[in-house]
Amino acid sequence: MAAVLQKFLKDSGLYVFTTRDFMSRVRGGHNFTLIRFGAEQVLSHSDILDGIIAFDEDSLVLHSKSLKPDGFILCDSQWKDKDQRIIPLDLLGIAKELGNARTIGSIATGVILKLFDLEPVHIEDTLRKYIKKQYLEENRNALLRGYGLVGKRYSLPAGEPGERIIISGNQALAFGAIAGGIRFYSAYPMSPSTTILEYLSSKATEADIVVEQAEDEIAAINMAIGAAFAGAPAMTGTSGGGFCLKVEALGLSGMAEIPLVVADIQRPGPATGLPTRTEQSDLKFVISASHGEFPRLVIALRSHRDAFYQTARAFYLARKYQIPVIILSDQYLADSYASIEPYELDGVQPAQELEAVVEEGTYLRYRITEDGISPLLVPGKTKNFVTSDSDEHDERGWITESAEVRNQMMEKRLRKLIKLKEELQEPEFVGEDTYETLFLGWGSTYGPITEAVNRLNRETSGKYAALLFGDIYPLPEKLLKEKAPRAKRIINIEQNATGQLAELIREKTGIVCDDSLLKYDGRQMSSDEIISYTRKGVKL
Amino acid sequence: MSNFSTHQTAWCPGCGNFQILDSLKTALEELGKDPYEVLMVAGIGQAAKLPQYISANFFCGLHGRSLPAAVAAKMANEKLTVIVDTGDGDSYGEGGNHFIHNIRRNVDITHFVHDNQIYGLTKGQASPTSMEGMVTDVQVNGNANTPLNPVLLAIACGAGFVARAFSGRKEHLVSVMKEAIEYKGYAIVDILQPCVSFNKLNTFAYYNQRVYELGEGYDPYNKIAAMEKSMEFGEKIPIGILYKEDKADYHQKNPVLKAGVPLIDIERSPDVLKNIMQDFF
């Protein structure tokens, strides 16, 4: 029902943001979807509800305390005495009358559209996207029936016209991988990364990708490395627990200088943690994962736009520097949907062959170069031998124990960081140019923090700004060093228990945060929580 | 000097690895393979150094992880002749899970296991195929574990080409290697190989007394008979192709690869991105 409703809302010209909250089980438990929509871009969810659609008593009881005093509850009339705000409708009776109790969702969709005075457009086209053919007719009837059950109640400002897409974080990441030139994806199913595996499988034939479900995470990453060695841009995806298993091979990608993209869709840890919930606690882990020292890039995804563009960029940079690039997302972003402007496809630069002009017989896979980047050829495509080794090796790729060669090779690999650091993207700055309070955040808290800054500046006399990191390791320091000294108070806002970004910033720059707003209960913080904390100094 | 020759090795004098290396070069020569289209893959161990000693492309990855890298390289470019050449610890110990599941995957690669029934590079501990009772610095009271039977396991998992060979019988080894490389699908050859430094039980003399070649009368297409033959490992040890079955390989079953164009050569339609974005409107 949520998918259908969010599509209707988007097609009405409104912006939509939808998050899913579900339990780690196949059926049952209390699962719900939060839909937020409006005439302006919606960046995150809200904990304060205008309306509840409840199909069971639990939903009614659990969420009514978050409902505004003038909010509404749409539910079956059997519970009409539970709350004064209920709009009692015989939903179940009507659904049964229509021949299928499961059309109750479509009836509710019709009711919601009418309450908000929205015309249901392209009904058939929309329903066809989500509902099986044999149930189309009854759902169409249910929707129209629902539309006729109530009167208009709210009038929203007209939405901005314009065609938008609606996409989930993991879909955007996977689509970005395709734009980046992915040819090989291997993974072992693990929430909340599995929808990447599913999505790429569904596009394998259309986009010519080999998608392989591996026997374990170790196989998945070693496969991706093998495919990349043979010339296919490759990615492996997982969540924190699976990333733990991939760690040795991450070092192989660094040592053998094989381009690789690894997506870590974070969930609360340690160990199995809270499998279906959200957290940002893998930062310090992935920046130092694997023994030994080698260059890597870590990019945190902040939004549905980032998920596409930054994943494509990850492929380009992995190939350019022949390094592992780690994408950090999380359950909140992965499973949430947002309506956004369509991606500009022409500007995306995919992973590409770099000029490697090599005369026959003189090829050195690990040639010592000034920028540390050696010529990378594809085995079988050249009359040269392409050789890789996880042992320390000489320029030919042969095992060596020479102290001199070891030093040369270590320095060559680390030299790649010099050029890489020059093309790091600085964090996004939001808020007032002159500010007293500066928030620091990274990844998916981008939405809640941006909204909080905008609202605080509008609703209070204080002045607020934020720096929101996407590229996070190596840490881009320029803007941070410029902005931090101008704040009276610096607060890091993170979805973890120890303030990992704050620690990284202190380690790299000496800048110390004055306060921390940290959340680690598996539920994404909202702008409401940030505002409440900022104004009252207390957590919600 | 062979097309496939390269530099000095790090092996002990008298090691069975030399015979395997020599046989592999001969097999590749006799099959007329272009060294530039051969990819040797290994993990870590003394046997796993072999790719360094042969003129071909090579990928020496992590201990136990040669199979995932090898099958994926083949998926990326089926024109490569992909040969995994590594030891029993790499293949059956650290890499045991990949061994089982890559049999099921049936990618067209060849897997040569130098089975010396001991860990060489780490200086003489029991391997998954060590005999019961073998005394080592770790197994001080004798190896208590039942040895793994790799050929029986491979047949049970559904492998389409399973063979056993002995490094001391070069001519036979070369012929088995050639058939394994030519087989369309995953082919495993467990090569019995004495370790002169650490394995004092399974010596050249031990194998010379026991091995016998499977004769003309043996039918490798009979699975039950092959399983029975695989269990013969004592006074007599059969060598040769134990089991063979013609079956569809990974590429034939994969919708992207079945047309026969290497993945890295497939031209992606320029409209793909535009078409995919349409799904999200």
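The chains referred to below are lettered A, B, ... by the order of the sequence lines, with proteins before strands, and numbering in each begins at 1.
Contact count against chain B (heavy-atom pairs under 4.5 Å) is highest for A:Ile167 among A:Ile225, A:Thr205, A:Ile167, A:Val348. Comparing A:Gly226, A:Pro233, A:Gly397 by how many heavy-atom pairs each has under 4.5 Å with chain B, the most go to A:Gly226. The greatest number of non-hydrogen atom pairs below 4.5 Å with chain A, out of B:Glu37, B:Met277, B:His101, is found for B:Met277. Across A:Lys10, A:Lys383, A:Lys7, A:Arg164, the residue that shares the most heavy-atom pairs under 4.5 angstrom with chain B is A:Lys383. Among B:Val41, B:Ile100, B:Asn77, B:Leu263, the residue with the largest count of heavy-atom pairs under 4.5 Å with chain A is B:Leu263.
For the pair A:Ile165/B:Gln278, no side-chain contact is recorded, criterion being any heavy-atom separation below 4.5 Å from C-beta on. Using a 4.5 Å heavy-atom cutoff, the side chains of A:Lys381 and B:Asp265 are in contact. Inter-residue side-chain proximity for B:Phe59 and A:Pro379 is flagged as unmet; no heavy-atom pair is nearer than 4.5 Å. Between B:Ile266 and A:Arg183 the shortest side-chain heavy-atom distance falls below 4.5 Å. Using a 4.5 Å cut-off on side-chain heavy atoms (C-beta onward), B:Leu273 and A:Phe175 make contact. A 4.5 Å side-chain heavy-atom check between A:Asn222 and B:Leu62 finds at least one atom pair inside the cut-off. A 4.5 Å side-chain heavy-atom check between B:Arg65 and A:Ile221 finds every atom pair outside the cut-off. Within the 4.5 Å cutoff, no side-chain heavy atoms of B:Phe280 are placed close to those of A:Tyr343.
Heavy-atom proximity under 4.5 angstrom to chain A picks out B:Leu80, B:Asn97, B:His98 from residues 78-99 of chain B.
Annotation for A:Glu124: atom CD counts as buried by contact number, over 12 foreign heavy atoms lying within 6.0 Å. Atom OH of A:Tyr363 has more than 12 neighbouring heavy atoms from other residues, nucleotides or ligands inside a 6.0 Å radius.
Interface residue A:Lys203: only side-chain heavy atoms are found under 4.5 Å from chain B. For A:Ile258, the part lying under 4.5 angstrom from a heavy atom of chain B is the side chain only. Neither the backbone nor the side chain of B:Leu67 comes within less than 4.5 Å of any heavy atom of chain A. Neither the backbone nor the side chain of A:Phe308 comes within less than 4.5 Å of any heavy atom of chain B. Using a 4.5 Å cut-off between heavy atoms, B:Ile44 touches chain A through its side chain atoms alone. Contacts of A:Ser186 with chain B are absent, with no heavy-atom separation under 4.5 Å from either backbone or side chain. For B:Leu39, the part lying near chain A is the side chain, with the backbone staying farther off; criterion is any non-hydrogen pair under 4.5 Å. Proximity to chain A (any heavy atom under 4.5 Å) is shown, for B:Asp279, by both the backbone and the side chain.
Note on ring orientation: taking the six-membered ring where Trp is involved, the planes of A:Phe385 and B:Tyr36 are parallel (angle under 30°, cut-offs 30° and 60°).
In terms of modelled atom types and a separation under 3.5 Å, the side chain of B:Asn57 and the main chain of A:Val386 share a donor-acceptor contact.
The pair A:Asp389-B:Lys49 fails the salt-bridge criterion, with no side-chain N (NZ, NE, NH1 or NH2) lying under 4.0 Å from an Asp/Glu carboxylate O. Under the 4.0 Å criterion applied to side-chain N and carboxylate O atoms, B:Arg105 and A:Glu215 are assigned as salt-bridge partners. Looking at A:Asp346 and B:Lys274, no side-chain N of the basic residue comes within less than 4.0 Å of a carboxylate O on the acidic one, giving no salt bridge.
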Problem set entry | Residue pair A:Ile178, B:Ile276: steps toward the side chain to side chain contact (heavy atoms under 4.5 Å, CB included) verdict | CA-CA 10 Å; A:Ile178 297 172; B:Ile276 289 176; 3.8 Å; yes

Problem set entry | Test log, rule side chain to side chain contact (heavy atoms under 4.5 Å, CB included), inputs B:Phe58 and A:Trp398 | CA-CA 10 Å; B:Phe58 69 76; A:Trp398 293 0; 3.7 Å; yes

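Residues B:Ala76 and A:Ala227 come closest through the heavy atom pair CB-O, 3.8 Å. Smallest separation of non-hydrogen atoms from A:Asp208 and B:Val256: CA-CG1, 3.9 Å. Heavy atoms only, all atoms of each residue included: A:Ile399 and B:Gln52 are closest at N-OE1, 3.0 Å. Here the closest non-hydrogen pair linking A:Val211 and B:Tyr250 is O-OH, 4.4 Å.
Atom OG of B:Ser269 is separated from atom CD of A:Glu206 by 8.5 Å, given to the nearest 0.5 angstrom.
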